[in-house]
*Asks:* 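Input: one structure, supplied below.
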Amino acid sequence: MSATILDGKAFAATIRDQVATHVARLKADHNITPGLAVVLVGEDPASQVYVRSKGKQTVEVGMASFEHKRDADISEADLLALVQSLNDDPAVHGILVQLPLPKHLNEDLIINSIDPAKDVDGFHISNVGLLGTGQKSMVPCTPLGCLMLLRDHFGSLSGKDAVVIGRSNIVGKPMAQLLLGDSCTVTIAHSRTKDLPDVVRRADIVVAAVGRPEMVPGDWIKPGAVVIDVGINRIDAPEKGEGKTRLVGDVDFRSAVEVAGAITPVPGGVGPMTIACLLANTVTACSRANGLEEPEGLTA
Ligand code: NAD
């Protein structure tokens, strides 16, 4: 048996289309242009690539993009002042501070200084609490993208056994909350979990968010289970030539695809969904801020 491939690239394109339609309506009917501000501190090459891509896609769906680049040695007070100015700016509906920040900056302090209504990454402690208590919140983009893929595949997730491997604040924990919200029976596995293969074998849904290349082999997967591979790992690829690399997930795709019912590839699975969900969160934040109807199907 070979699994259905869950095409995150194609799905992300349909989400961007939905966002663009809603943005056009906000402009035409209410003269409002949703705006996303991205703050980038320092020169981290991966962060620069992400921020460029976010800015490009923001403009492509018709929203305003505001980029604020600051030197790596910016003081905490100056960064807090920048966030405050964005909180106060009515043209900005979403604020994203690109992580990681340089070591001298307190990440929690900076994230919790963002107006929760503009916190399109969903990392503010208020949004974490709202999600945990099943209330309307801003939902972290990567788990939201995973949830959308799962809902699209299954329709209802009610009663499914789900195992999330990884307990980070960015992916694992909010993913588990979202699955619980959709009435799954959820297990969170992590580096201290005993008998991980057996735990994973029980699952109808496996979400792998670990950061270890191809850690989950096909023989851990229950036949027919749906596998969402969040991991993005760069490994050597001597077969492509000297010094070449390639991206792989946390799941060994080659063996898992033979057992699973459906699986996300890496690249082209969860990755593209993350930025699409950031755009979705921004248009949702803008609609809420203006007391207008939220776009359907773009929130949890
Ligand atoms: P993290 O390092 O913060 O957390 C990793 C988690 O994995 C930890 O909770 C840890 O307990 C668990 N873990 C570590 N070793 C384990 C083991 N041997 N067995 C079981 N659990 C183990 O990472 P993160 O930020 O959650 O990211 C996880 C992966 O997802 C990374 O590869 C990252 O690049 C990727 N990621 C992708 C996207 C995307 O857009 N697709 C977004 C965020 C993160």
Side-chain angles (χ1 to χ4, degrees), residues 3 5-13 15-16 38 40 42-57 96-101 107 121-123 139-150 163-176 178 188-191 196 200 205-218 220-221 226-240 243-257 260 262-281:
I5 305 299
L6 301 175
D7 185 346
K9 201 171 164 196
F11 197 164
I15 291 171
R16 285 196 300 274
V38 177
L40 175 62
E43 307 283 330
D44 179 60
S47 294
Q48 284 178 332
V49 172
Y50 289 139
V51 166
R52 237 194 330 271
S53 181
K54 284 167 186 169
K56 184 168 166 277
Q57 293 191 32
L96 180 150
V97 176
Q98 184 67 43
L99 301 178
L101 289 171
E107 259 179 28
D121 251 345
F123 297 158
V139 177
C141 304
T142 300
L144 179 58
C146 297
L147 183 75
M148 285 182 180
L149 286 167
L150 286 168
V163 171
V164 179
I165 318 174
R167 56 175 161 182
S168 72
N169 291 338
I170 292 175
V171 189
K173 284 183 200 154
M175 186 73 246
L178 289 171
I188 306 177
H190 47 78
S191 52
L196 185 60
V200 175
I205 295 169
V206 180
V207 181
V210 182
R212 287 178 172 243
E214 300 174 322
M215 186 189 99
V216 179
W220 291 14
I221 307 292
V226 173
V227 178
I228 305 290
D229 192 351
V230 181
I232 302 177
N233 310 289
R234 191 164 282 286
I235 61 166
D236 291 338
E239 72 281 4
K240 286 166 71 179
K244 296 284 184 198
T245 60
R246 64 187 173 97
L247 290 180
V248 296
D250 290 342
V251 177
D252 175 35
F253 186 86
R254 229 176 312 172
S255 57
V257 76
I263 186 167
T264 58
V266 178
V270 175
M273 294 295 289
T274 297
I275 299 186
C277 287
L278 173 68
L279 305 176
N281 276 350

*Asks:* Kindly say whether Val139 contributes a backbone atom to a donor-acceptor pair with the side chain of Asn281 at under 3.5 angstrom?
*Replies:*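 Side chain of Asn281 to backbone of Val139, a donor-acceptor pair under 3.5 Å: yes, one is there.
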*Asks:* What are the two closest non-hydrogen atoms of Asp250 and Arg212, and how far apart are they?
*Replies:*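 Smallest interatomic distance, heavy atoms only, reads OD1-N, 3.0 Å.
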*Asks:* Find the distance between OG1 (Thr245) and CZ (Arg234) and round it off to the nearest 0.5 Å.
*Replies:*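 Taking OG1 in Thr245 and CZ in Arg234, the distance rounds to 4.0 Å.
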*Asks:* Are the charged groups of Arg254 and Glu214 less than 4.0 angstrom apart, N to O?
*Replies:*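 Salt bridge absent between Arg254 and Glu214.
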*Asks:* How close do Lys173 and Asn169 get, heavy atom to heavy atom, and via which atoms?
*Replies:*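 Smallest heavy-atom distance, with atoms named: NZ-OD1, 2.8 Å.
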*Asks:* Quick one: closest heavy-atom pair of Pro143 and Val171, and the distance?
*Replies:*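 Taking Pro143 first and Val171 second, the nearest heavy atoms are CG-O, 3.9 Å.
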*Asks:* Report the C-alpha distance between Ile5 and Val257 in whole Å, list the side-chain angles of each, state the deciding distance to 0.1 Å, and finish with yes or no for side chain to side chain contact (heavy atoms under 4.5 Å, CB included).
*Replies:* CA-CA 8 Å; Ile5 305 299; Val257 76; 3.9 Å; yes
*Asks:* Does a sphere of radius 6.0 Å around CD in Glu43 hold more than 12 heavy atoms from other residues, nucleotides or ligands, not counting ones at 6.0 Å or beyond?
*Replies:*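 Open.
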*Asks:* Under 4.5 Å between any side-chain heavy atoms of Pro140 and Met175, yes or no?
*Replies:*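 The answer is no; the side chains never approach within 4.5 Å.
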*Asks:* For Pro213 and Ile235, work out which heavy atoms get closest and say how close.
*Replies:*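 Closest approach of Pro213 to Ile235, heavy atoms only: CB-CG2, 3.8 Å.
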*Asks:* Identify the heavy atoms of Val226 and Leu6 that sit nearest to each other, and give their distance.
*Replies:*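 The answer is CG1-CD1, 4.0 Å.
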*Asks:* Of all the heavy-atom pairs spanning Met148 and Phe11, show the shortest one and how long it is.
*Replies:*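 Nearest pair, atom of Met148 first, then Phe11: O-CE1, 3.5 Å.
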*Asks:* Please tabulate, for the side chains in residues 263-279, all donor-acceptor contacts under 3.5 angstrom to protein atoms that are two or more places apart in sequence or on a different chain.
*Replies:*
| from | atom 1 | to | atom 2 | distance (Å) |
| --- | --- | --- | --- | --- |
| Thr264 | OG1 | Asp229 | N | 2.8 |
| Thr274 | OG1 | Thr142 | OG1 | 3.0 |

*Asks:* For a side chain to side chain contact (heavy atoms under 4.5 Å, CB included) check, start with the C-alpha distance between Val206 and Trp220, then their side-chain angles and the critical distance, and finish with the verdict.
*Replies:* CA-CA 10 Å; Val206 180; Trp220 291 14; over 6 Å; no
*Asks:* Kindly say whether Gly249 contributes a backbone atom to a donor-acceptor pair with the side chain of Asn233 at under 3.5 angstrom?
*Replies:*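 Between the backbone of Gly249 and the side chain of Asn233 there is a qualifying donor-acceptor contact (under 3.5 Å).
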